[in-house]
Each structure stands twice: as structure tokens, then as C-alpha cells.
Amino acid sequence: MHAYRSHHCSQLRKENVGQTVRLSGWVYRKRDFGNLLFIDLRDHYGISQIVVERDSPAFALAESVRSESVIMVDGRVTSRGAEAFNENLPTGEIEVRATSIELLSEAADLPLPVFGNAEYPEEIRLRNRFLDLRREKLHANIVLRSKVIASLRRRMIDQGFTEFQTPILTASSPEGARDFLVPSRIHHGKFYALPQAPQMFKQLLMVAGFDRYFQIAPCFRDEDARADRSPGEFYQLDFEMSFVTQEDVFAAIEPVLHGVFEEFSGKKAVTPPPFPRIAYKESMLKYGSDKPDLRNPLEIADVTEVFRGGGFGVFAKAIEEGAVVRAIPAPGAGTRARSFFDGTNQWAKDEGYAGLGYINFKGGEGGGGVAKNLGPERVALLVQQMKLGPDDGVFFACGPANTVAKLAGLARTRVGQELDLIEKDTFKFCWIVDFPMFEYDEVEKKVIFSHNPFSMPQGEMEALNTMNPLDILAYQYDIVCNGIELSSGAIRNHKPEIMYKAFELAGYDRSVVDEQFSGMINAFKFGAPPHGGSAPGVDRIVMLLADEPNIREVILFPMNQKAEDLMMGAPSEVSPRQLKELGIKLVNDGPKQP
RNA sequence: GGGGUCGUAGCUCAAUUGGUUAGAGCACCGGACUGUCGAUCCGGAGGUUGCGGGUUCGAGCCCCGUCGACCUCGCCA
């Protein structure tokens, strides 16, 4: 007999009846009848029922052992008898009649119950993560994560990609997010940075001739957390390809994502390749967002012309001053109580916007102040343009284009939810393409890169030389699923002259490029293939597949919102000796005392 | 750094809206019970109502401050 177990806890079936077995695991649940008691014994694989009777030598220990203690059980497999089958358990037809039980490790009073699906405070869960991870849902999420990563690897390798590891200690980069810095012991006053992404390395791999690279890559950014954004660190399926166009990149990754979602999504439908391509500009207009949730069928329309010079004075006047009007349809909502419309307006104000106008149609007749002032002709025009039904509602947002797009997008989401229009049990993918290369920074009063400065501008050098920078598009694309941005990627700019020119338009001197991106710009001078790639977020993929609203539910040991690991006590102070070695002197007395 | 929600037993929640000794379920401890699978029944222990101040005859509840958690804006090329 093995020292700890002959079978695991989900292994025994009625074929094993009569066998002498040894099981080890945690005491999940105990049901004590005084002269007879049951233990649900749990391990990673599942649950087996242990029966102990008064006359068994194991009885005394079974009676006193606490939940979540680790025990080893010797016994004989017996059939439960038809009326005592538990159909919810794979092992539900058998039980193990214990002849002896050994306590391998005793559990103290639990700060967090393992049994049951109740919700518990984040702080307690994080502090006792090892207990939390024993719980069914979280345990399953982490196993799912592992399987998803294994599947991604297999699918990438099948597509001819090769996995490489890139450095974790690297150089700080001037663009992008805030870096995590690591002080150098050998070079006092100098710092390594943890990579925000292996961006430059993967591009250098292309220059080095490796053709198709991927990596399940850890990425580090010192930015604040969100529900879908872990503070500090996260993982990406980072990949890059040589001699490709944007469509080649899409064609390579679509089957991987579609395949992995099909494999793990249960019965949910998954957008088949090719995924819809939506231009950034169109997405901002129709969905009020660059990460549209296509499960929501509502589409926003620009109705500025309907209101221009019209009788609804507030809007007409704003339009003269450059404002636009966007309309959000609310199908079938026309007959809803006025509180629905006023409530939505109030919500918009609470969000910090000017508010939302509305028309509620009843039997084709437009109601409310907007319709009254606008007049029947223009209302008819609106109905025609938006193809509104006789009992529809419609909301209006008016203001500067950027602000209004955002408000309209939020309103689209809210109205879709309120009217229960969001399609369920489906994963809707799309590509957002044609991002602008540059944008105007209102605060700094200058042209800046709008996303990745290393993207190839569409039209290349000619566009940079001849076009208004703000009109230049980039070969830059995001992949979006159900309103969640999974990744951004680009066809890279592999030509030094175009790179210098692009940076020049953003106000950077040639020498700045040479200094700050020397590794890459230098490499590009010795024969760089055209290349591009992307990097879907692994945590977010698992989050979608596990149907979890919070990214911490798919990460083994996540940090809290303040980027602390409550279990390990990170970040922590270090010894004076460590600081001295690094040549670091703390300016104040260190962390604030509580 | 700004905004929002919350904070009562180890955990999940309640307390008739300012009124007697702050209750219940789970967990824990003790007792009863031979077929349960959220076992059941009886009993026990467990509280500085996050902390500090104020208003009041009286505060878990109202006011001010503070601390903490989460959500969010900024930020995330």
C-alpha cells in the first residue's frame, strides 16, 4: 500500500466494491449520528464519502476531527444501496467503510469556511488565499486558467509559432505606463525596469530572423487597479510575425481565439472567423466606445442635422458652437413610465454630463419637450433616419463630439441593460481597426501619439509628409470581446526614416529617438523585416470564460486595490544592509505608521 | 489625488428608523441520535456596533472627523 493513498477522492466506482483502499484528503463536511458518522473527504480531484461506525477503531478520531483537517483513511469500498445513491457525485454509488483514520494535519478554527458558495469579504479571502483556493469555484477557475494557457500554447505551436523567454530585468522606457524599477547593486544610482510588455524584444526577435514568436508573457505596469485590471502584473499571449500584413495577423490569431473560446465556453456561441472589422471612427459613432459590446444590438446615430437650426433651442444653439447630437434608440420603451426617461436623464447628470433629452413615442406620436419644440416635420425626419417604431423611445446627447460619444456609449449600455436587450450566452468578437496615429492634446496644446508610437502609419512616409497629422491612420488594431479589450496590436514601423519622421511630428528630435530607443532603431538599420503582432490578455480571456466580473477570481495570488499582497505582506520594508548595498537612502522615515 | 458604496460576533446578515439586557443562521464547544449527503434536535460560549469626537434624558441608527475595503475618474503609449 502506498504511504498516503491507493486512489484519489474521485476515483472509486462500484467496480471497486470489496477492495481495500487508502484515501487521503481534507475533511470537507461531517455528518454525525452518534453511533454512525459520515465524512466527505475532498482532494483536488473530488469527493468520496467515508462511513465510520461506533465499533470501528477509527471512530474516536473521526468524531473529534475538525473540518479542513487532513486525514488518511484506510477502509473497504462498499456499495451504498440504491436508495442512498448520491447522483451529484461521480463516486455517489460507493462509500469507504473506515477501519482506521490517521490525522495527518489538524486544522484550527477557520477564518473562512471552505464549504458552500457564500460570498466573503475580499480582504479575508486574500489574507487566507490558501483556504479560498480550496473552495470549489476558485479552485475550478484556476484549473480552467491552466487549461486555457495549455490550449493557447498548443494552438500557437500548431500554427508554427515558437515560444521564447525574454528578459524580466530590462531598461526603463520613456513612453507608456509607469515602470516598476529595480535598483542595481553594481551600478549605484541606476535601475532596471520590469517589462511593461516584451515589445522591443519581440520586434528584435523578428529582426533576428525568428519569423513567428509567441510567449505567455508576464507584464508589469505600476498603475492603479480596476475590476478587470490587476495592479502590478498580468499575463499576455504575446506574439509577433514577420512579412505580414494586418490581415495576416488577424488570420493567424482568429482561429486560436475562436478555438480556445469554443473549447472552454460550454454551450455559448462564439463569433466565427473572420471577426467583424470596425473602424475606430465608426465604433466611436455607433457604439460610443472603442471597445463595443456587440451583444448589445443598439446603435447610436448622429442626428446633428435634424436639430441644426431647429426649434429645440438648447441643442440648436450648441450646434452653432460646434456641438454634435447623438441619438440612442430605446426600442419599445415609448410606453414606459415617465420615470424611465427622467431616471435615465438623472443618471447622466449623476455621471457628470449635461443630461439626456428624450422623445417617447406612443402610437407614432412623439411626446416630451424635445418633440414639442422640434416640431412634427423634424421629428418625422428623425423617425425616418433612425427607423424608429411607433412605440419606441429615443435619447439625445448633445455637446463636443468626444464627450458626447462617451455619454452616448454609456447610455447605450444602460438602455440595453434596462430593456434587457443584451444577448446572453454568446461571445461576440470584433476588431477595432484604423486607429488614428496622432491626436491633439488639449492640455499640452500639441500633437501626441495616440497609441503606439511604433505602429506603421497608413500611407507610410508619403502620409507623414503630406497629410494633416491628425488625419493619419495607423495599422493599429484592438481585439474586443463582449465589451472587453483583449489586446492591442499593430503592424510595426520597421523603417528608421519613417520612425524619425513620426517622432518629429510628435515633437521629438532625431537624437531623442536615437537615445531612448537605441536598441531598436539601431537594429532596424541592419535589415528589418516588415512585421506585426498583438498580445491578447490571458487573465481577461480566462475571466470571460469563467464568467467572472473580477480579474482577481482568475488569479492565484492577486494583490488588493492598493497593490498589496496581504498574505505575503508585500510590499515590505527591507533591512538597512540591503539598502546600503544598493546605495539607497530613504528620504523620510519610511512608510507611514498606522 | 477626486467621486460613490459599505463597515454590527470568526463569517453571512438583522435590530420595528433615536428608546429596556444588540438578535438569528453558519462556524466553534458540550449533549442526544445508525443512513446522511446544507443531517436533525437540545444547550453553551462568543460584541469597545472600524476608530475619535459631537448633538441628545438616551446613539448601532443623526452630525463632524478619521481609518479601512471595494467600485469608479484620473492613469493604463
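Each chain gets a letter, A, B and so on, in the order the sequences are listed, and its residues count up from 1.
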>> Restricting to non-hydrogen atoms, name the atom on A:Gln236 and the atom on A:Ala197 that form the minimum distance, rounded to 0.1 Å.
In response: OE1-CB, 4.1 Å
> Atom NZ of A:Lys406 and atom CG of A:Asn402: how far apart are they, to the nearest 0.5 Å?
Replying inline: 9.5 Å
>> Which nucleotide, if any, forms a Watson-Crick or G-U wobble pair with B:G65, using both distances under 3.5 Å?
In response: B:C51
> When all nucleic acid strands are considered with a 4.0 Å heavy-atom cut-off, which category describes A:Ile124: base, sugar-phosphate, or nothing?
Replying inline: sugar-phosphate
> salt bridge (Lys or Arg N to Asp or Glu O under 4.0 Å) with A:Asp434: which residues, sequence neighbours excluded?
Replying inline: none
> Under 4.0 angstrom, heavy atoms only, what part of the nucleic acid is A:Arg125 near: base, sugar-phosphate, or nothing?
Replying inline: nothing
> Looking at A:Ser450, A:Ser455, A:Ser488, which hits side-chain hydrogen bond (donor to acceptor under 3.5 Å, both in side chains) with A:Gln476?
Replying inline: A:Ser455
>> I want to verify the glycosidic state of B:U17; is it syn or anti under the 90° rule?
In response: syn
> Which whole-number value in Å describes the distance from A:Arg127 CZ to B:G68 C1'?
Replying inline: 11 Å
> Has the side chain of A:Arg552 got a donor or acceptor atom sitting under 3.5 Å from an opposite partner on the base of B:C70?
Replying inline: no
> Got a sec? Which of residues 73-101 of chain A come in under 4.0 Å of RNA chain B, heavy atoms?
Replying inline: A:Arg80, A:Ala84, A:Phe85, A:Asn86, A:Glu95, A:Arg97
>> Both distances below 3.5 Å, Watson-Crick or wobble geometry, any strand: find the nucleotide opposite B:U20.
In response: none
> In the strands shown, is B:G25 matched to any nucleotide by a Watson-Crick or G-U wobble pair with both distances under 3.5 Å, and which?
Replying inline: B:C11
Under 3.5 Å, which protein N or O atoms sit close to an N or O of nucleotides 24-29 of chain B? Give each pair with its distance.
from	atom 1	to	atom 2	distance (Å)
B:A27	OP1	A:Arg29	NH1	3.4
B:C28	O4'	A:Asp109	OD1	3.4
B:C29	OP1	A:Arg66	NH1	3.2

>> Taking salt bridge (Lys or Arg N to Asp or Glu O under 4.0 Å) as the criterion, tell me which of A:Lys14, A:Arg80, A:Arg13 meets it with A:Glu93.
In response: A:Lys14
> For atom C1', what is the distance between B:G54 and B:G18, given to the nearest Å?
Replying inline: 15 Å
>> Given B:C76, B:U12, B:G35, identify the nucleotide with an atom nearest to the side chain of A:Leu36.
In response: B:G35
> Any salt bridge between A:Arg31 and A:Asp40, counting N to O under 4.0 Å?
Replying inline: yes
> If the P atom of B:G60 is compared with that of B:G19, how far apart are they to the nearest Å?
Replying inline: 10 Å
>> How long is the straight-line distance from CD1 of A:Ile39 back to CG of A:Leu23, given to the nearest 0.5 Å?
In response: 11.5 Å
> What is the distance from CG of A:Asn550 to P of B:U5, rounded to the nearest Å?
Replying inline: 20 Å
> Would you say B:C70 has OP1 or OP2 under 4.0 Å from some side-chain N or O of A:Gln561?
Replying inline: yes
> Picking from B:G68, B:C33, B:U12, which would you name as closest to the side chain of A:Pro121?
Replying inline: B:U12
>> Let's go through A:Arg134 and A:Glu68 carefully: what are the C-alpha distance in whole Å and the side-chain angles of both, what is the deciding distance for salt bridge (Lys or Arg N to Asp or Glu O under 4.0 Å) to 0.1 Å, and is it a yes or a no?
In response: CA-CA 9 Å; A:Arg134 289 183 195 172; A:Glu68 294 307 312; 2.9 Å; yes
> Which pairs with one or both residues in residues 45-77 of chain A pass ring pair (Phe, Tyr, Trp, His ring centres under 6.0 Å), sequence neighbours excluded?
Replying inline: A:His8-A:Tyr45
> How close or far is atom P of B:A69 from atom NZ of A:Lys562, stated in whole angstroms?
Replying inline: 4 Å
> Which atom pair, heavy atoms only, marks the closest approach of A:Val538 to A:Leu237?
Replying inline: CG2-N, 3.6 Å
> On a whole-Å scale, what distance lies between the C1' atoms belonging to B:U12 and B:G1?
Replying inline: 34 Å
>> For RNA chain B, which residues of residues 430-438 of chain A approach it to below 4.0 angstrom with any heavy atom?
In response: none
> NA contact type, A:Gln199, heavy-atom cut-off 4.0 Å: base, sugar-phosphate, or nothing?
Replying inline: base
> Taking only residues at least two apart or on different chains, which pairs with a member in residues 103-128 of chain A satisfy ring pair (Phe, Tyr, Trp, His ring centres under 6.0 Å)?
Replying inline: A:Tyr28-A:Phe115
> Does B:G60 have a Watson-Crick or wobble partner in any strand here, with both distances under 3.5 angstrom, and which is it?
Replying inline: none
> Across the strands shown, which category fits A:Phe33 at heavy-atom distances under 4.0 angstrom: base, sugar-phosphate, nothing?
Replying inline: base
> Is the backbone of A:Ala107 close enough, under 3.5 Å, to the side chain of A:Arg66 for a donor and an acceptor to pair up by distance?
Replying inline: yes
> Are the charged groups of A:Asp132 and A:Arg125 less than 4.0 angstrom apart, N to O?
Replying inline: yes
> Distance between the P atoms of B:C61 and B:A22, in whole angstroms?
Replying inline: 15 Å
> What is the distance, rounded to the nearest whole Å, between atom CD1 of A:Ile50 and atom C1' of B:A39?
Replying inline: 18 Å
